Amino acid sequence: MEVVKNDGVMGAEVRGLDEAGIGDPETAARLNRALLDHQKLCLKDQALDDRAYARLARVFGEPKVQLVEKIRLEETPEITLISNYNDMAGGKPYVSANHWHTDDSYFAVPAKATMLYAKALPSTGGDTQFINTYAVLDAMPAALRTRIEGLKAVHTYVSRRAKSLVQNRTDEEKAKTPPVTHPLIRTHPETGRQSLYINPNRISHVEGMSEADGDALLDELYAFAFQEKFQHRHKWTLGDIIVWDNRCTLHRASNDFDLTERREFHRILLEGTVPV
Ligand SMILES: [Fe+2]
């Protein structure tokens, strides 16, 4: 197995990982180290069935059984189907999550990492893009950073500031996700590095600030964070499994393709810890 760093701000490719390697402790340690070092890995040329994929996920952490029941796979409920044909837009194909976000931040304990396994890809486009939020914080002007030290933001499933549609949920599912607060700067529990922790799709306001002041601050942070120089782009090939660390990255899906073509992934989220 070989780990090859991508050009640019983040990411590495893992070549030569086979199914036998999934059970090997030394391989597991190398993969976890590589994820901490590079924030996102692409495991190339995989041909795993659902159970083997779920086993691979356990190399990186503990899979979460996900909230929205209707998109879970029956036999392996830790896997959900992410598809532009999941009905969010009244029967029309739609790419959700096409604005910058980090997964699961509307939970008190958000997922530490996310895995996607490509199952169907459009003939062109449909990349997944990333931002390295360690790099964002490292490059942030001191004056702006000082203003956000110690501040917390309120994250909700349906935010008044959200730009993407979110999966419809039952009342019972809604009851499980009251608003939560998270710090705007978080410290990674494994690397000890600090990053900007924002979720433009879920943050409704900054705690203790007026809506107008909070909105102005969030707009300023987002404009800084979304700069091209902090971005990495994943161009999909069938057989790719990617895994990324939600504690130090943002991501979004591109909807720049013929939406009648299918774009589908099997997703697994891994248990995290309370952001601090
Ligand atoms: Fe996402």
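Indexing begins at 1, ligand by ligand and atom by atom, following the structure's order. The model shown is predicted, which means the values in this text are computed figures rather than measured ones. FYI, the numbering just counts along the sequence from 1.
The closest side-chain donor-acceptor pair between His182 and Asn199, if any, does not fall under 3.5 angstrom. A donor-acceptor pair shorter than 3.5 Å cannot be found between the side chains of Tyr53 and Thr76.
In this structure, Arg202 forms a cation-pi arrangement with Tyr157, its terminal cationic atom sitting closer than 6.0 Å to the ring centre and no more than 45° off the ring axis.
Val136 is not listed as a side-chain neighbour of Leu250, based on a closest heavy-atom distance of 4.5 Å or more.
Between the side chain of Asp49 and the backbone N or O of Arg51, at least one donor-acceptor pair lies under 3.5 Å.
Between Asp240 and Lys44 a salt bridge is recorded (basic side-chain N to carboxylate O distance below 4.0 Å).
Protein nitrogen, oxygen and sulfur atoms, that is N, O or S, within less than 2.8 Å of the Fe ion (ligand 1) amount to 3.
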